[in-house]
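Taking it in order: structure first as structure tokens, then the write-up.
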Amino acid sequence: MQDRVWDVVVIGGGNAALVSAMSARDEGAQVLVLERSDRLFRGGNSRHTRNIRCVHGDGSDWNTGAYAQEELWKDLCSVGTGPSNPELAMLTVEASRSVPDWMVAHGARFQRPLAGTLHLGRTNTFFLGGGKALLNSYYRTAEARGIHVLYEARVTELEFQGTRCVALRVDRADGEQVIKARSFVMASGGFEANIDWLRRYWGDAALNYLIRGPRTNDGTVLAALLASGAATAGDERGFHSVAVDARSPRFDGGIATRVDSIPFGVVLNNRAERFYDEGEDIWPKRYAIWGRNIAMQPDQIAYAFWDSQVQGRFLPPMYGSFSAPTIAGVADQLGIDGTAAEATITAFNRCVSPDARERVDPAGLDGVSAAATPPKSNWALPIDTAPFYGIPLRPGITFTYLGVKVDASARVQRADGAPFDNVFAAGEIMSGNILSTGYMAGFGMTIGTVWGRIAGRKAARNGRD
Ligand SMILES: Cc1cc2nc3c(=O)[nH]c(=O)nc-3n(C[C@H](O)[C@H](O)[C@H](O)COP(=O)(O)OP(=O)(O)OC[C@H]3O[C@@H](n4cnc5c(N)ncnc54)[C@H](O)[C@@H]3O)c2cc1C
């Protein structure tokens, strides 16, 4: 291993890495994948995924209708402050059209849309068995096509001569190895599991964040690239985050810890105050702002409350909920002031329209609002029917946006303006080129697949073209 000079070495073991590796192999390259995790937990954040968002026509078995390029583009422009680099974002949208066929040709299998609170059956294509099954298929295909995979191989350092990466230092159980290649693809994800790095931008608040994916995404490779002169892309405070059950594990809780009760009730902070419109828009467009909403609250904790009228209308919370005959009883169990919680919710109930129960329609924006402070713009029912329910919430960080700047060839750019000769990037480590502040469900896998194909192909051809 030490003496060999590979055509392409890919760092990472998730979707972007496997797509890069298979694309490089399709070009005839000898490819080595370095995955920090062991075989069982291989696949990074990608193993937690369920679906991908791509342009497609009508008549597919896997979607309930067509999704035109213009519509996907419009959707991307309407999240957060829109795409950070419109040219690279448009390239991503256009290239997404050929992604599902490419995936199938490399071992992926899809399934009919799943029902759920995010209503993604038309726009998103679901993986049969989820992301873990997708990654297992990709690893099988990769190994069958002659790609070498080294597990428990943690890249610690990158060695450069000028603008050329010449070697990697890799930490393994049996000691350090030096790995050489003609080209490198960096697909090692974001830095969301590096709490000290998050603290630089968020202070001690970051100590209260729960990380939805694995500990392995600590940004070691991203930091090494930046230290070697790579230019950055994306907001340093930017991340995708959702409300998760505060009882979830610190790392790797995955998809099941997300809490979807928010539009059906109210959310209080630890001063028993409401702080954000729980019914601002349909849940698929708002679920991803609630992690940040909670991150901005004292002690980064919040509490969802609802009552028996709406119980059962959303996915059941993973660890169950607290319940009591009174709101104060629920609040006591959650550890906040019961009298204050009761007063806030009683005041909220007074702002709800008298005919709310007749007009409410959870299937769409119903305009059934409460003129409270802050307002609740839709689905505002009084919370007045025992038993009452509650759950503690924390920010659940999915992935970070700050990454390395790339060009349309996925080549990593340097802050001094000269690109690296042989360093390419795909996936979360460069998602800041596409995403600014917002996110669309399913687009992380689109970015990883589109840019993995480009990075793998370009890395294989580098110096040959
Ligand atoms: C719970 C959850 C659900 C999600 N659901 C969806 C969904 O349904 N659809 C969607 O599009 N997106 C979803 N996402 C986001 C999605 O997971 C990411 O956008 C995508 O997986 C990123 O792929 P990636 O290959 O860039 O990173 P990852 O899949 O995170 O892979 C990074 C890899 O790099 C390895 N690595 C890290 N550091 C090193 C190192 N120093 N040396 C060697 N290897 C290293 C890690 O072990 C890992 O294998 C979800 C995320 C989470 C957490």
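For ligands, and for the atoms within them, numbers begin at 1 and follow the listed sequence. Each residue takes its place number in the sequence, starting with 1. These values consider heavy atoms only, across backbone and side chains, with no hydrogens, waters or symmetry-generated copies.
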- Item | Option passing side-chain hydrogen bond (donor to acceptor under 3.5 Å, both in side chains) with Tyr67 (candidates Asp58, Thr125, Asp75) | Asp75
- Note on the structure: Atoms of ligand 1 under 4.0 Å from any heavy atom of Phe443, numbered from 1 in the order shown, are 11 (O)
- Arg109, CZ atom: more than 12 neighbouring heavy atoms under 6.0 Å: no
- Which bit of Tyr439 is near ligand 1, meaning a heavy atom under 4.0 Å away: side chain, backbone, both or neither? side chain
- Under 4.0 Å from any heavy atom of Gly444, which atoms of ligand 1 are there? 11 (O), 19 (O)
- Which residue and heavy atom of the protein sit nearest atom 9 (N) of ligand 1, plus the separation: Asn51 O, 2.8 Å
- Message: Tell me whether Gly189 has any N or O atom under 3.5 angstrom from an N or O of ligand 1.
- Response: no
- Among protein heavy atoms, which sits nearest to atom 33 (C) of ligand 1, and what does the distance come to when rounded to 0.1 Å? Gly13 N, 3.5 Å
- Message: If you define the side chain from C-beta out and look only at heavy atoms, does anything of Arg42 sit under 4.5 Å from Leu135?
- Response: no
- Message: Give me the nearest non-hydrogen protein atom to atom 35 (C) of ligand 1 as residue plus atom name, then the distance to 0.1 Å.
- Response: Glu35 OE1, 3.4 Å
- Gly427: numbered ligand 1 atoms lying under 4.0 Å from its heavy atoms: 26 (O)
- Message: As an exercise, identify every atom of ligand 1 less than 4.0 angstrom from a heavy atom of Gly254.
- Response: 1 (C)
- What do you reckon, is CD of Glu71 surrounded by more than 12 foreign heavy atoms closer than 6.0 Å? yes
- Do Arg169 and Thr156 meet the criterion of a side-chain donor-acceptor pair at a distance under 3.5 Å? no
- Query: Against heavy atoms of Gly12, which atoms of ligand 1 measure under 4.0 Å?
  - Reply: 33 (C), 34 (O), 35 (C), 44 (N)
- Message: Please report whether ligand 1 has a polar contact with Ala16, defined as an N or O pair separated by less than 3.5 Å (distance criterion only).
- Response: yes
- Message: Below a 4.0 angstrom heavy-atom separation, can you tell me which part of Ala187, side chain or backbone, both or neither, approaches ligand 1?
- Response: backbone
- heavy-atom search around atom 28 (P) of ligand 1 in the protein gives Asn45 N, 3.5 Å
- Query: Above 12 or not: heavy atoms from other molecules or residues under 6.0 Å from NZ of Lys285?
  - Reply: no
- Out of Arg53, His48, Arg42, whose heavy atom sits nearest atom 3 (C) of ligand 1? His48
- Query: What's the shortest distance from atom 10 (C) of ligand 1 to any protein heavy atom, and which residue and atom give it?
  - Reply: Met445 CG, 3.4 Å
- Task: Enumerate the atoms of ligand 1 whose separation from the nearest heavy atom of Gly442 is less than 4.0 angstrom.
- Result: 9 (N), 10 (C), 11 (O)
- Message: Counting only heavy atoms, tell me which of Asn217, Thr156, Thr398 gets closest to atom 30 (O) of ligand 1.
- Response: Asn217
- Message: Evaluate Gln69 against Glu94 for side-chain contact (heavy atoms from CB on, under 4.5 Å), listing each step before the verdict.
- Response: CA-CA 7 Å; Gln69 186 172 309; Glu94 280 168 1; 3.3 Å; yes
- Between Arg47 and Asp252, is there a salt bridge with N-O shorter than 4.0 Å? yes
- Would you please determine whether Ile52 falls within less than 4.0 Å of ligand 1 on a heavy-atom basis? no
- Item | Under-4.0 Å heavy-atom contact with ligand 1, by part of Leu34 that carries it | backbone
- Message: Using heavy-atom distances only, which candidate in Arg47, Arg212, Glu428, Met430 approaches atom 20 (C) of ligand 1 most closely?
- Response: Glu428
- Using distance alone, determine whether Thr446 and ligand 1 share an N or O pair under 3.5 Å. no
- Message: Here's one to test your reading of the geometry: is the NZ or CZ of Arg182 within 45 degrees of the ring axis of Trp6 and under 6.0 Å from its centre?
- Response: no
- Message: Taking a cutoff of less than 4.0 Å between a non-hydrogen atom of the residue and any ligand atom, is Ala153 in contact with ligand 1?
- Response: yes
- Item | Element-labelled atoms of ligand 1 that are located less than 4.0 Å from some non-hydrogen atom of Ile11 | 42 (N), 43 (C)
- Among Gly43, Ala441, Ser46, closest by heavy atom to atom 23 (O) of ligand 1 is Ser46
- For the pair Glu27 and Lys458, find out whether any cationic side-chain nitrogen is under 4.0 Å from an anionic carboxylate oxygen. no
- Nearest non-hydrogen protein atom to atom 6 (C) of ligand 1, with distance, is Thr49 CG2, 3.4 Å
- Okay, side chain of Glu192, backbone of Asp218: is any donor-acceptor separation there less than 3.5 Å? no
- Task: Fit a plane to each ring of Trp306 and Phe314, take the angle between them on a 0 to 90° scale, and name the class: parallel (under 30°), tilted (30 to 60°) or perpendicular (over 60°).
- Result: perpendicular
- Task: Before accepting this row, confirm whether a basic side-chain N of the pair Asp235/Arg237 lies closer than 4.0 Å to the acidic partner's carboxylate O.
- Result: no
- Centroid-to-centroid, Tyr276 to Trp290, below 6.0 Å? yes
- Query: Which one holds for Phe399 and ligand 1: side chain close, backbone close, both close, or neither close, with close meaning a heavy atom under 4.0 Å?
  - Reply: side chain
- Quick one: nearest non-hydrogen protein atom to atom 8 (O) of ligand 1, plus distance? Arg50 N, 2.8 Å
- Message: Quick test: of every protein heavy atom, which one is nearest to atom 42 (N) of ligand 1, and how far off is it to 0.1 Å?
- Response: Val155 N, 3.0 Å
- Examine the proximity of ligand 1 to Val170 and report which part, side chain or backbone, both or neither, has a heavy atom under 4.0 Å away. neither
- Task: Give a yes or no on this: more than 12 heavy atoms of other residues, nucleotides or ligands lie within 6.0 Å of atom CZ of Arg215.
- Result: no
- Task: With side-chain contact (heavy atoms from CB on, under 4.5 Å) as the test, would you mind laying out the steps for Thr92 and Phe443 before giving the verdict?
- Result: CA-CA 10 Å; Thr92 314; Phe443 210 58; 4.0 Å; yes
- Measure from NZ or CZ of Arg411 to the centre of the six-membered ring of Phe420 and say whether it is under 6.0 Å with the direction within 45° of the ring axis. no
- Say whether Ser96 and Thr446, considering side chains only, have a donor N or O and an acceptor N or O under 3.5 Å apart. no
- Per-atom contacts of ligand 1 with Arg154, taking only distances under 4.0 Å to non-hydrogen atoms: 42 (N)
- Which option, Asn15, Thr216, Asp171, owns the non-hydrogen atom nearest atom 38 (N) of ligand 1? Thr216
